[in-house]
Engineer: 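Could you have a look at this structure, given as structure tokens, before my questions?
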Amino acid sequence: MEENLIIDISESNKGKEQIIINKKYKFNFSYKRKDNSKVYKCTEYKKINKCKSFIILNDKKEILKYNSSHNHPENEYDVSLSIMKHKIKDGIEKSSIPFGIKIKPLYNKISKEMGLICPEYNSIKSQISRNLNKKLPSNVTTFAEIPSESEYYKTKRGENFMIFKNSNLIIFQSPFQAKLFREYNDDIFVDGTFFIAPKFSYQVFITRTYAKELDSFYTTSFAILKKKEQETYKMLFEKLKKKC
């Protein structure tokens, strides 16, 4: 068996465990033996090359046997693409707030650490989008299904910004937005938009204020309305004023 084999852990497009050897060859999980060791076959096994190379690892990912009789050229670029996708996916899955991840800096950091041929950022953008979408909560189809508590209602400081919810209205306002709403309320600007409203709601309602000292406009709250009723708008502003 070859000495100084370097093992990287990745996964196939179908989410199955994949082993990478010396950043040159990929092996997909094939089956588990009675002693709990795992057999991985070269990814070219089911392709035109019918490569018979395989590797067997124990439960500590130690190599028990390696058949290195590859009948095809090594492919560093394809391997680097798999490693990059896996590392970015791993970073997304480990994040409690995946939407706060800055993907391009993460890509730059990983590519520098990998120390081998790296895929261009544009070649993995679609894969990153799919990984982020999988972290989204389940599709909500009715207003009643909007959760009262969620990890997505937290700021980076861990502050809750969903401040009110009933059967017709849900209001989002961070502590900083509440401070702006309280201190700069001489003029309150509002905008109701239907274009971005969820299908199960009527309107997304936004409040903004003008901070004279900063010479800037700031958004001070977001709300989703199920119905366009006077009582709903009244309730909205009562809750905003109470929060401040």
Engineer: Assign the ring pair Phe143 / Phe200 to parallel, tilted or perpendicular, where the plane angle (0 to 90°) is split at 30° and 60°.
Structural biologist: perpendicular

Engineer: Can you name the one residue among Asp8, Ile7, Thr43, Ile6 that meets side-chain contact (heavy atoms from CB on, under 4.5 Å) with Ile20?
Structural biologist: Asp8

Engineer: Centres of the Phe54 and Tyr40 rings: under 6.0 Å?
Structural biologist: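 Centroid separation for Phe54 and Tyr40: 6.0 Å or greater.
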
Engineer: Does the Ser150 side chain pair with the main chain of Pro147, one donor and one acceptor, at a distance under 3.5 Å?
Structural biologist: no

Engineer: Just wondering, are more than 12 heavy atoms of other shown residues or ligands nearer than 6.0 Å to NZ in Lys61?
Structural biologist: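 Correct, the count exceeds 12.
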
Engineer: Begin from the C-alpha positions of His70 and Phe27 and carry the test ring pair (Phe, Tyr, Trp, His ring centres under 6.0 Å) through to its verdict.
Structural biologist: CA-CA 11 Å; His70 294 279; Phe27 297 79; 5.6 Å; yes

Engineer: I need the Leu236 CG to Glu231 CD distance, nearest 0.5 Å.
Structural biologist: 12.5 Å

Engineer: Given 3.5 Å as the limit, does a donor-acceptor pair link the side chain of Ser216 with the main chain of Leu214, or not?
Structural biologist: yes

Engineer: Do side-chain atoms of Ser221 reach the backbone of Phe172 as a donor and acceptor pair under 3.5 angstrom?
Structural biologist: no

Engineer: How far apart are the C-alpha atoms of Tyr210 and Tyr184, what are their side-chain angles, what is the distance that settles it, and do they pass the ring pair (Phe, Tyr, Trp, His ring centres under 6.0 Å) test?
Structural biologist: CA-CA 7 Å; Tyr210 177 69; Tyr184 302 98; 8.6 Å; no

Engineer: If you measure from the Lys or Arg side-chain nitrogens to the Asp or Glu carboxylate oxygens, is any gap between Glu17 and Lys38 under 4.0 Å?
Structural biologist: yes

Engineer: Would you please test Glu44 and Lys47 for salt bridge (charged side-chain N to carboxylate O under 4.0 Å, His left out) and show each step?
Structural biologist: CA-CA 5 Å; Glu44 295 293 320; Lys47 299 181 181 180; 3.7 Å; yes

Engineer: Salt-bridged, Lys179 to Glu183, with N to O below 4.0 Å?
Structural biologist: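 Result for this pair is yes, salt bridge flagged.
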
Engineer: Would you check if the side chain of Thr220 reaches a backbone N or O of Leu180 as a donor-acceptor pair within less than 3.5 Å?
Structural biologist: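 Checking the backbone N and O of Leu180 against the side chain of Thr220, no donor-acceptor pair under 3.5 Å is found.
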
Engineer: Is the shortest side-chain heavy-atom distance between Lys24 and Val79 below 4.5 Å?
Structural biologist: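 With C-beta onward as the side chain, the pair stays apart.
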
Engineer: Just do the ring pair (Phe, Tyr, Trp, His ring centres under 6.0 Å) check on Phe205 and Phe222 with the steps written out, would you?
Structural biologist: CA-CA 6 Å; Phe205 193 84; Phe222 294 88; over 10 Å; no

